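Every number for a ligand or one of its atoms is a count from 1 in the order of the listing. Predicted model only: the values in this text are computed from it and were never measured.
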Amino acid sequence: MLSGAIACIGFTWIASPACTELEVVMMDWLGKMLELPAEFLACSGGKGGGVIQGTASESTLVALLGAKAKKVKEVKELHPEWDEHTILGKLVGYCSDQAHSSVERAGLLGGVKLRSVQSENHRMRGAALEKAIEQDLAEGLIPFYAVVTLGTTNSCAFDYLDECGPVGNKHNVWIHVDAAYAGSAFICPEYRHLMKGIESADSFNFNPHKWMLVNFDCSAMWLKDPSWVVNAFNVDPLYLKHDMQGSAPDYRHWQIPLGRRFRALKLWFVLRLYGVENLQAHIRRHCNFAKLFGDLCVADSRFELAAEINMGLVCFRLKGSNERNEALLKRINGRGHIHLVPAKIKDVYFLRMAICSRFTQSEDMEYSWKEVSAAADEMEQEQ
Ligand code: PLP
């Protein structure tokens, strides 16, 4: 509300110095909460720093555009005889077959090929990424970008960043980490092993608006070397110039739009109101609720888990055909008391219980399970 009322349109640092500077500080606070390597933080005094984007989709696209600009420059230096069109036609990026659709979309928007790498147990492995890169190199293509997902949309699976990151580094491929949902859990030390290898990433993103109690929109992105992104989009008309250019970030160069809202205030309020310990407790509560729902599910012999329970997501299904599960979902959502969203992996359709609300209690898990089981009872009675 305050951000709306202040109504600043932070085109540039000079348009609202507080808007920019609070963002620099908030992104450092948040980065420290996650124990991101110092190279990502502005306070380290190096090149790195964070920015608040609107969504994970924008972060993936911005990182892709930065990676594209970097690779084009490198290849031009090696092959001055190649024109830009030839180079762009050879660029290829990678993501797992479980990556969010926004990654494919970033490839379409960025005008480059993206290749999907087959996951193993829903997780991308370094060896599979390396094989794809080597195949493409052998065909004369130019690998430039790979998205590692920590917490996939379908089943909250975690790619092996500790394997994929070094492969990217070895082949000079930009590693972008998409932790849109699950990244909030990294404020808890016990989940940080899932981001092992983070030091090998070039950019990292998660959405505090998904699971860290910040209102939409607030997508936190850190870059080790923002200059690739800054230079990729740099336009400098007279009406946006100011005397302090170069001494404070002008976030307009880090994002697609020009104008920006005072989103750092939302982060400031949440961090100050809750504090780290209460935010950690919120994450842990949700993870425990998911286990509780999972226990209720496996205690009913008609049901099975469709994936390991990770974070606040339970993937489950009625034993049997996809059609049975499609009918179950229709019935659950049709009853109008809870709402579930399905997914399909390797042609197996399942339902997803995603716990998101600040107000969720353990009774809500029991209530939700009763809804699921009542819908299954109804189906049985009709058979
Ligand atoms: N990446 C992952 C892993 C997601 O789960 C999602 C959305 O659910 C996205 C990206 C896209 O998020 P956004 O709506 O912030 O673009």
Handout entry: Note: K71-E74 ion pair, threshold 4.0 Å (strictly below)
Key = yes
Exercise for the section: Answer yes or no for K210: is there a heavy-atom contact with ligand 1 below 4.0 Å? Expected result: yes
Exercise for the section: Find out whether the Lys NZ or Arg CZ of R125 is both under 6.0 angstrom from the six-membered ring centre of Y160 and within 45° of the ring's axis. Expected result: yes
Exercise for the section: For the pair H79 and W82, name the ring-plane relationship: parallel under 30°, tilted 30 to 60°, perpendicular over 60°. Expected result: parallel
Exercise for the section: May I ask you to check whether S57 has an N/O atom sitting below 3.5 Å from an N/O atom of ligand 1? Expected result: yes
Handout entry: Protein heavy atom at shortest distance from atom 1 (N) of ligand 1
Key = D178 OD2, 2.6 Å
Handout entry: Under 3.5 Å: N/O of T149 near N/O of ligand 1
Key = no
Handout entry: Partner set under side-chain contact (heavy atoms from CB on, under 4.5 Å) for H242, not counting sequence neighbours
Key = T12, W13, I14, M244, Q245, D250
Handout entry: ring pair (Phe, Tyr, Trp, His ring centres under 6.0 Å) partners for F269, two or more places apart
Key = none
Handout entry: Per-atom contacts of ligand 1 with G151, taking only distances under 4.0 Å to non-hydrogen atoms
Key = 3 (C)
Fill in the blank from the handout: Short version for N207: what comes under 4.0 Å of ligand 1, heavy atoms counted, is side chain
Exercise for the section: Give a yes or no on whether a salt bridge exists between K370 and D377, defined as a side-chain N under 4.0 angstrom from a carboxylate O. Expected result: no
Practice task
Would you check whether S102 has a nitrogen or oxygen atom less than 3.5 angstrom from a nitrogen or oxygen atom of ligand 1?
Solution key: no
Practice task
Among all protein heavy atoms, pick out the one at the shortest distance from atom 5 (O) of ligand 1; state its residue, atom name and that distance to 0.1 Å.
Solution key: T153 OG1, 2.8 Å
Handout entry: Protein heavy atom at shortest distance from atom 11 (C) of ligand 1
Key = H100 CE1, 3.4 Å
Fill in the blank from the handout: For A180, the ligand 1 atoms with a heavy-atom partner under 4.0 Å come out as 1 (N), 2 (C), 4 (C), 10 (C)
Handout entry: Sub-6.0 Å ring centroid separation between F262 and W268
Key = no
Problem - N/O separation below 3.5 Å, T152 to ligand 1 - result: no
